[in-house]
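Heads up, the thing below is written out as structure tokens.
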Amino acid sequence: MKKNKNLKVAIVMGSQSDFKTMKLSANILKKMGVRFETKIISAHRTPKRMYEFAESASRNNIGVIIAGAGGSAHLPGMISAITSIPVLGVPVESKKLKGLDSLLSIAQMPKGIPVGTLAIGEDGAINAALLATAIIANSNPTVKKKLNNWRSSQTRSVKKNPK
Ligand code: RP5
């Protein structure tokens, strides 16, 4: 694969209300030194914005898309329908069904249009960013080093015995 140090991650979310969760993805990418942008894009409320974003993502040097949405969460799947850039879906915890609706909407994609689905809520947002970092790291040795250091430090932080 061609080395491209400029690949960015896009973190997109269906609503301002998703940012409480999705900012955890942004925090991880900051720590890893991965370039990223954040946008509010709704599959239902701003379909034109969604189409234009997905259609131009490759030209804009986006290498991975993290898409968070809650409830009837069609954003990750619809973006994946428009672009072949890897899409990681974060099911945001919804008020009514605690994110089970989001999880099923994001995970149950028809074959041919994949979305890598993460866990519901904050864990999913953090892991989506770690996975995006790992994808970017394939063509960026500096990012790979940061990711491996972060993981080693996490391992060291786990105590052997409970207090
Ligand atoms: C989805 O509807 C969003 O992703 C959000 O999780 C959910 C609720 O949105 P708001 O009513 O809070 O704007 O599209």
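When a ligand or atom number is given, it counts from 1 through the structure's own listing order.
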Requested in this report: Drop me the distance from Thr46's OG1 to Met50's CE, to the nearest 0.5 angstrom.
Outcome: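 One gets 7.5 Å once the value is rounded to the nearest 0.5 Å.
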Query raised in the report: Say you draw a straight line from OG of Ser58 to CD1 of Ile82; how long is it, rounded to the nearest 0.5 Å?
Result: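 Reported to 0.5 Å precision, the distance equals 13.5 Å.
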Report task. Please test Ser139 against Leu7 for side chain to side chain contact (heavy atoms under 4.5 Å, CB included), starting from the C-alpha separation and ending with a verdict. Result -> CA-CA 9 Å; Ser139 57; Leu7 280 182; 4.3 Å; yes
List of N/O pairs, ligand 1 versus protein, all under 3.5 Å?
| residue | atom | partner | partner atom | Å |
| --- | --- | --- | --- | --- |
| ligand 1 | 4 (O) | Asp18 | OD2 | 2.6 |
| ligand 1 | 4 (O) | Gly70 | N | 3.0 |
| ligand 1 | 6 (O) | Asp18 | OD1 | 2.6 |
| ligand 1 | 6 (O) | Gly70 | N | 3.1 |
| ligand 1 | 11 (O) | Arg45 | NH2 | 3.3 |
| ligand 1 | 12 (O) | Ser17 | OG | 2.7 |
| ligand 1 | 13 (O) | Ser15 | OG | 2.6 |
| ligand 1 | 13 (O) | Arg45 | NH1 | 2.8 |

**Report entry** Ile126: partners by side chain to side chain contact (heavy atoms under 4.5 Å, CB included), with sequence neighbours left out
**Finding:**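 Leu24, Ile28, Leu130.
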Report task. Please tell me if the side chains of Val34 and Met32 come closer than 4.5 Å, counting only heavy atoms from C-beta onward. Result ->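 In short, these two side chains touch, coming nearer than 4.5 Å.
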Report task. With the side chain counted from C-beta on, respond yes when Met78 and Tyr51 share a heavy-atom pair under 4.5 Å apart, and no when they do not. Result -> no
